[in-house]
Asks: 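For reference, the structure I am asking about is given below.
Quick caveat, the model's predicted, so the values are computed rather than measured.
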Amino acid sequence: QLQLVESGGGLVQPGGSLNLSCAASGFTLDYYAIGWFRQAPGKEREGVVCLSSNDGSRYYGDSVKGRFILSRDNAKKMIYLQMNNLKPEDTGVYYCAAEFYWRIQTVQAMCVMRNPPATWGPGTQVTVSS
């Protein structure tokens, strides 16, 4: 079974950038739709950006569109999130997640958690503050 572990979180000033990584193990990443999710204190977990297994479909949360970039390297079994122009409201625990491609309805359904992914990393804290 696929396992995921995030890294790269930390403290960053507003307007700054931060890159998160997610290392996958256990099964080939090629067959998985992937995504980054986050949860701010006192709020529900929300999808940030998600990508289909064949990289053909993407879904961005409205608040991050144009600022965050999701990418993957299947050969290295790595998932990345480049975050730019960070805002205090971006603060939260960031999770990478994955779901076998045939088990998802659509990338959007996965990202808005109508069809939640089954595999999650433990999360990494991102704090945007002066």
Asks: Which heavy-atom pair separates Arg67 from Leu86 by the least distance, and what is that distance?
Replies: NH1-CA, 3.9 Å
Asks: Looking only at side chains, do Arg72 and Ser53 share a donor and an acceptor under 3.5 Å apart?
Replies: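 No donor-acceptor contact under 3.5 Å links the two side chains.
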Asks: For the pair Asp73 (side chain) and Lys76 (backbone), establish whether a donor and an acceptor sit closer than 3.5 Å, ignoring hydrogens and angles.
Replies: yes
Asks: Could you work out, with side-chain hydrogen bond (donor to acceptor under 3.5 Å, both in side chains) as the rule, every residue matching Ser25, not counting sequence neighbours?
Replies: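 side-chain hydrogen bond (donor to acceptor under 3.5 Å, both in side chains) list for Ser25, sorted by chain: empty.
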Asks: Within the distance-only criterion (no hydrogens, no angle test), does the side chain of Glu99 pair as donor or acceptor with the backbone N or O of Ala33 below 3.5 angstrom?
Replies: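 No; zero donor-acceptor contacts below 3.5 Å.
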Asks: Please check if the number of heavy atoms outside Tyr31 that lie under 6.0 Å from its OH is greater than 12.
Replies: no
Asks: Please, which pairs that meet ring pair (Phe, Tyr, Trp, His ring centres under 6.0 Å) have at least one residue in residues 108-130, sequence neighbours excluded?
Replies: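 Qualifying pairs: Phe37-Trp120.
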Asks: Keeping to residues at least two apart or across chains, list the ring pair (Phe, Tyr, Trp, His ring centres under 6.0 Å) pairs with something in residues 57-78.
Replies: none
Asks: Are Tyr94 and Ile79 connected into the same hydrophobic cluster when the rule is that any two of I, L, V, M, F, W, Y join if their side-chain heavy atoms are below 4.5 Å apart?
Replies: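 Yes, Ile79 connects to Tyr94 through the hydrophobic network.
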Asks: Between Thr91 (side chain only) and Thr127 (backbone N and O only), is there a donor and an acceptor less than 3.5 Å apart?
Replies: no
Asks: Is a donor on one side and an acceptor on the other found under 3.5 Å between the side chain of Ser52 and the backbone of Ser57?
Replies: yes
Asks: Could you check whether Arg45 makes a cation-pi contact with Tyr95, meaning its NZ or CZ is under 6.0 Å from the centre of the six-membered ring and within 45° of the ring axis?
Replies: yes
Asks: Would you say the side chain of Leu81 lies within less than 4.5 Å of the side chain of Val49, judging by non-hydrogen atoms?
Replies: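 SC-SC contact between Val49 and Leu81 confirmed.
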Asks: Locate the shortest heavy-atom distance separating Glu6 from Cys96; write the atom from each residue and the value.
Replies: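 Of all heavy-atom pairs spanning Glu6 and Cys96, the closest is OE2-N, 2.8 Å.
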Asks: Would you say Gln3's side chain and Gly26's backbone share a donor-acceptor pair under 3.5 angstrom?
Replies: no
